[in-house]
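To keep things clear, I will list the structure first and then write my remarks on it.
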Amino acid sequence: MTATTATASPASSAGSQAGRSVRDPISADLKAVLRALKLGKMLDTLPERLALAKQQHLAHADFLELVLADEVSRRETGSAALRARAAGLDAAMRLDTWDDSAAVSYDRQLWSELTTLRFIDGSNGALILGPVGTGKTHLATALGHIAVRRRYSTVMARADKLFKRLKAARLDNSVETEMRRLAHVQLLIIDDFALKGLDQIETADFYELVVERHRKAATVVTSNREPSEWLAMMADPLLAQSAVDRLVSAAHVLIVEGESYRMRQRPTIQPANAPVTGVSAGTNQGRSL
């Protein structure tokens with residue numbers, strides 16, 4: 001008795017393979033290997049990259065470089081997000097989210113220079129000054145995000161919270177450690193400085209920070225007041241003058257003027273008589289009841 005072997009026709013075999021590739025071009029074994037190597041996130045973009053490789057007839061080495069570059073970019077983005085959070089940066093206040101059509105004015109050439117971060121390499125600083133709501137905090141935070149992506153050590157804090165943290169550190173004898181950390185970070189951003197008066201301890205802490213960082217590390221300060229007004233806001237006139245003189249002498253000054261930037265972010269209410277796309281009038285009436 002002769003054994004017969006069932007052989008699938010080329011057409012049916014091709015159709016079956018096409019069906020499998022449409023369903024899932026990545027085998028379960030490959031998925032397991034990628035996850036074992038901690039490369040599971042590659043599965044999010046690998047099908048698209050496989051399709052691109054077929055379309056462009058990429059060589060194996062080119063395809064490997066492409067998918068590995070995706071992974072490097074993905075890891076760097078995730079790492080930068082973690083560093084930004086640790087630095088105290090608002091994730092929404094980046095350079096790409098700044099509304100350039102806002103009715104505020106500032107020296108665009110100076111701002112462009114600041115975004116290069118050459119002032120950090122020169123151990124200088126920047127003062128971002130202007131009325132309430134003009135976007136000073138957003139601009140300062142955007143500089144912080146750029147610094148974090150370039151792997152500069154960065155800390156951003158509102159002035160009142162910074163000084164409270166230093167006072168609290170005195171209670172557990174960690175103030176020297178905290179001061180050393182703030183003194184040596186490559187970019188320190190102090191937001192809303194001199195919004196309210198500084199007492200004797202806060203004035204002394206500000207003086208110590210400025211002296212330790214002067215010409216050694218970059219400091220960015222945002223304020224609604226001019227530096228000349230800061231002196232009256234601090235408890236010790238001599239320490240205040242010494243600190244302000246050092247800070248101003250090593251800083252670029254960016255003045256932001258105009259209408260409140262925050263007002264552009266106010267919530268709006270749709271008029272009651274405005275048409276609602278994709279919803280019938282009857283449905284609207286039912287909901288209004």
Side-chain angles (χ1 to χ4, degrees), residues 41 44-45 69-159 161-162 182 184-193 195 213 217-225 227 247-248 250-268:
K41 289 292 184 181
D44 296 337
T45 54
D70 283 344
E71 180 64 15
V72 169
S73 177
R74 182 164 38 245
R75 290 190 180 191
E76 178 55 32
T77 299
S79 175
L82 290 174
R83 296 196 305 274
R85 193 178 304 120
L89 301 173
D90 187 325
M93 293 186 179
R94 306 183 309 274
L95 190 59
D96 61 302
T97 60
W98 170 258
D99 186 352
D100 206 39
S101 65
V104 295
S105 61
Y106 52 91
D107 187 333
R108 301 300 178 103
Q109 184 175 356
L110 174 56
W111 172 246
S112 179
E113 171 62 26
L114 290 176
T115 60
T116 68
L117 303 189
R118 280 192 282 261
F119 72 95
I120 296 181
D121 295 328
S123 299
N124 294 315
L127 307 180
I128 305 180
L129 311 174
V132 171
T134 50
K136 303 181 298 298
T137 297
H138 192 133
L139 294 175
T141 307
L143 291 177
H145 280 291
I146 297 171
V148 161
R149 287 198 298 273
R150 297 186 189 175
R151 295 190 175 275
Y152 288 101
S153 57
T154 303
V155 170
M156 180 173 184
R158 211 172 66 193
K161 291 186 176 182
L162 177 67
L182 294 173
H184 294 101
V185 69
Q186 290 172 289
L187 176 61
L188 175 62
I189 304 173
I190 304 176
D191 191 32
D192 278 341
F193 181 71
L195 193 60
R213 296 180 60 78
T219 304
V220 172
V221 176
T222 76
S223 181
N224 301 320
R225 305 178 190 273
L247 189 64
V248 173
H252 301 282
V253 180
L254 183 72
I255 298 176
V256 188
E257 299 177 306
E259 299 176 6
S260 174
Y261 183 87
R262 294 193 189 101
M263 291 302 175
R264 301 173 65 85
Q265 302 167 332
R266 287 180 301 179
T268 58

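Any value given below was found using the heavy atoms of this structure, including those in side chains, with hydrogens, waters and symmetry copies removed.
- A salt bridge links R108 to D100: at least one charged side-chain nitrogen sits closer than 4.0 Å to a carboxylate oxygen.
- With hydrogens and angles ignored, the 3.5 Å screen pairs no side-chain donor or acceptor of S123 with any backbone N or O of A218.
- Rounded to the nearest 0.5 angstrom, L187 CG and L117 CG are separated by 7.5 Å.
- When atom types are taken as modelled, the side chain of K136 and the backbone of P131 share a donor-acceptor pair closer than 3.5 angstrom.
- For the side-chain contact (heavy atoms from CB on, under 4.5 Å) test, residues two or more places apart in sequence or in another chain that qualify with A251 are L127.
- Distance alone, capped at 3.5 Å, places no donor-acceptor pair between the H145 side chain and the A81 backbone.
- At a threshold of 4.5 Å between non-hydrogen side-chain atoms, the residues T141 and W98 do not count as touching.
- With sequence neighbours left out, A217 forms a side-chain contact (heavy atoms from CB on, under 4.5 Å) with R213.
- Annotation: salt bridge (charged side-chain N to carboxylate O under 4.0 Å, His left out) contacts of D44 (sequence neighbours excluded): none.
- Under the rule for a side-chain contact (heavy atoms from CB on, under 4.5 Å), the partners of S105 that lie at least two apart in sequence or sit in another chain are E257.
- We find that E113 and R118 are joined by a salt bridge, their nearest charged nitrogen and carboxylate oxygen being less than 4.0 Å apart.
- Side-chain atoms of T134 never come within 3.5 Å of backbone atoms of G258 as a donor-acceptor pair (strictly under, hydrogens ignored).
- In this structure, V221 and P227 have side chains that are not in contact, with every pair of non-hydrogen atoms separated by 4.5 Å or more.
- Formation of a donor-acceptor pair under 3.5 Å by the T222 side chain with backbone atoms of I128 is not found in this model.
- Proximity of F193 to L162: side-chain heavy atoms (C-beta onward) are nowhere separated by under 4.5 Å.
- Looking at L195 and R158, their side chains never come closer than 4.5 Å, going by heavy atoms from C-beta outward.
- Using a 4.5 Å heavy-atom cutoff, the side chains of T154 and R83 are not in contact.
- Residues meeting the salt bridge (charged side-chain N to carboxylate O under 4.0 Å, His left out) test with R94, sequence neighbours left out: D96.
- One distance of note links OG1 of T219 with CZ of F119; it measures 9.5 Å at 0.5 Å rounding.
- Evaluation of the side-chain contact (heavy atoms from CB on, under 4.5 Å) rule for D107 yields Q109, L110, L254 as partners, not counting sequence neighbours.
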